[in-house]
Amino acid sequence: MPELPEVEVVRLGLDGNITGRTLSDVEVRHPRAIRRHILGAGDFTGRLAGRKVVATRRRGKYLWVELSSGMDADLALLAHLGMSGQLLIQPPDAPDEKHLRVRFRFDDDGPELRFVDQRTFGGFLVDDLVTVDGTALPSAIAHIARDPMDPRFDARATVAALRRKKTELKRALLDQTLVSGIGNIYADEALWRARLHWSRPTERLSAAKAAEALAAATDVMREALGQGGTSFDALYVNVNGQSGYFDRSLAVYGQERLPCRRCGTAIRREPFMNRSSYFCPRCQRRSPG
DNA sequence: AGTATCCCCTGAGCGC
DNA sequence: TGCGCTCAGGGGATAC
C-alpha cells in the first residue's frame with residue numbers, strides 16, 4: 001500500500017491492534033525483507049524479542065513503531081511497504097500467505113502481525129531514533145522530508161525549495177527529500193486538479209501555481225485517507241485485508257481514453273520514469289496558458 | 001552537489 | 001498452451 005493515505009490506513013490499523021503488546025518470536029522467512037538491517041536476521045529478531053510497542057508513527061510512506069527499551073536507547077522498528085507490501089493482523093492459526101516474508105508474534109499469544117510482500121521491495125530494520133529538526137525519527141530516514149499531514153509541514157518553505165529545483169514538476173512532487181508521501185497516483189491527481197502538465201519545468205512555475213499543486217496533493221491525499229485509500233486489487237488492503245474506495249474518485253490515474261471529468265477530452269498516458277503519467281491534454285498543457 | 005537512469009522482484013495481462 | 005513482452009501505489013545505488 002504505497003502512498004501516504006494507504007500507509008496511514010495501515011498505521012491506524014497497527015495502532016489499534018499492536019500498541020501496548022509485547023513482541024516475542026519474530027520469524028524472518030525471506031532475507032530480502034530485512035536487507036536494510038545490516039546486522040542480519042539474528043540481530044533483528046534478538047533486538048525485537050521482549051520489546052513492547054508504545055507508539056506507531058509515520059512520515060511519508062515510512063512507518064515505524066516505537067519500542068520500549070528499558071535501560072537501552074530508544075528503538076524503532078521501521079517499515080516500508082515498497083510496491084506490494086502488506087501488514088496483516090492474523091489469528092495465529094490462519095494459514096501462511098503465499099508471500100509471507102516476516103511473522104511477528106506477541107507474548108499474549110493473540111493475533112500476530114504478518115508482512116506479506118509479493119515483490120519484496122518492502123522491508124524492515126531496527127533502528128535508533130535521532131532528533132531531526134525537533135522531531136524523533138529513525139536514523140535511516142533522517143533525509144525524508146515532512147509530509148503534508150505533518151503539523152509542522154512548512155508549505156511556504158517547500159514551495160521555495162521546489163522552485164529552486166531544475167527538473168520537471170512531477171519529479172519534484174515525487175522527491176521524498178522535498179516533500180514526502182506523494183507517489184505516482186496522487187502526483188497525477190494533484191497535477192490534474194492544479195491544471196499543470198507533469199513535465200512543467202519547476203523553474204518556470206510561479207509560487208502561486210507551485211503552492212496550488214502542493215495544496216492539491218494535500219487535499220487529494222486527505223480525501224483518499226477518508227475513503228480508506230486507493231485499491232485497484234487485493235494487493236492494497238488494510239491490516240484486516242479490506243480495500244479502500246478512493247479508486248472511484250480518481251480523475252486521471254489509470255483512466256486512459258476515458259473522458260476528462262472537467263472537459264470531456266480523452267485522458268492520455270505518457271511514459272514517465274519507466275512508469276506512466278496520466279493527464280488531460282486539454283486541461284494540462286505543456287506551456288502555461 | 002544535483003539530477004537522471006538503472007535495478008531490485010513477482011505476477012497479471014496481452015498479442016502472437 | 002505457452003512464450004515474450006509490457007506494466008505495476010517504490011526508492012537506493014550508481015552514473016552523469
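Proteins come first, then strands; the chains are lettered A, B, ... in the order of their sequence lines, and each starts at number 1. Predicted, not measured: the structure shown is a model, and the values here were computed from it.
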Counting heavy atoms not belonging to K209(A), are there more than 12 under 6.0 Å from its NZ?
yes
Whole angstroms only, please: what is the [atom1]-[atom2] distance between [X] and [N]?
| X | N | atom1 | atom2 | answer |
| --- | --- | --- | --- | --- |
| D117(A) | dC8(B) | CG | C1' | 12 Å |
| L81(A) | dG11(C) | CG | C1' | 13 Å |
| D147(A) | dG11(C) | CG | P | 12 Å |
| K170(A) | dT3(B) | NZ | P | 18 Å |
| M83(A) | dA12(B) | CE | C1' | 13 Å |
| I141(A) | dG12(C) | CD1 | C1' | 15 Å |
| E256(A) | dA8(C) | CD | C1' | 14 Å |
| Q118(A) | dA12(B) | CD | C1' | 9 Å |

Nearest heavy-atom pair of V252(A) and C280(A): which atoms, and what distance?
CG1-N, 4.3 Å
Charged N-O contact under 4.0 Å between [X] and [Y]:
| X | Y | result |
| --- | --- | --- |
| E168(A) | R204(A) | no |
| R105(A) | E27(A) | yes |
| D117(A) | R32(A) | no |

What nucleic acid atoms does Y186(A) come within less than 4.0 Å of, heavy atoms only: base, sugar-phosphate, or nothing?
nothing
How is Y62(A) classified with respect to the nucleic acid when contacts are heavy atoms under 4.0 Å: base, sugar-phosphate, or nothing?
sugar-phosphate
Is the positively charged end of R21(A) above the ring of F106(A), judged by distance under 6.0 angstrom from the centroid and angle within 45° of the axis?
yes
Any strand counts, and the cut-off is 3.5 Å on both contacts for Watson-Crick or G-U wobble. Which nucleotide pairs with dC9(B)?
none
Would E8(A) and R58(A) count as a salt bridge (Lys or Arg N to Asp or Glu O under 4.0 Å) here? Give the steps.
CA-CA 7 Å; E8(A) 178 63 8; R58(A) 182 190 54 72; 2.7 Å; yes
Report the C-alpha distance between L4(A) and Y186(A) in whole Å, list the side-chain angles of each, state the deciding distance to 0.1 Å, and finish with yes or no for side chain to side chain contact (heavy atoms under 4.5 Å, CB included).
CA-CA 9 Å; L4(A) 185 156; Y186(A) 300 113; over 6 Å; no
Side-chain N,O ([X]) to OP1/OP2 ([N]) below 4.0 Å:
| X | N | result |
| --- | --- | --- |
| Y278(A) | dC7(C) | no |
| H99(A) | dC9(B) | no |
| K165(A) | dG2(B) | no |
| Q176(A) | dG11(C) | yes |
| S276(A) | dA8(C) | yes |
| R119(A) | dA8(C) | no |
| H143(A) | dG11(C) | no |
| R35(A) | dG12(C) | no |

Taking the P atom in each of dA1(B) and dG11(C), what is the distance between them to the nearest angstrom?
24 Å
Sorted by position of nearest nucleotide on DNA chain C, 5' first, the leading residue of P271(A) and F121(A) is P271(A)
Can you check nucleotides 4-7 of chain B for protein contacts, nitrogen or oxygen pairs under 3.5 Å, and list what you find?
residue	atom	partner	partner atom	Å
dA4(B)	OP2	T167(A)	OG1	2.6
dT5(B)	OP2	R171(A)	NH2	3.1

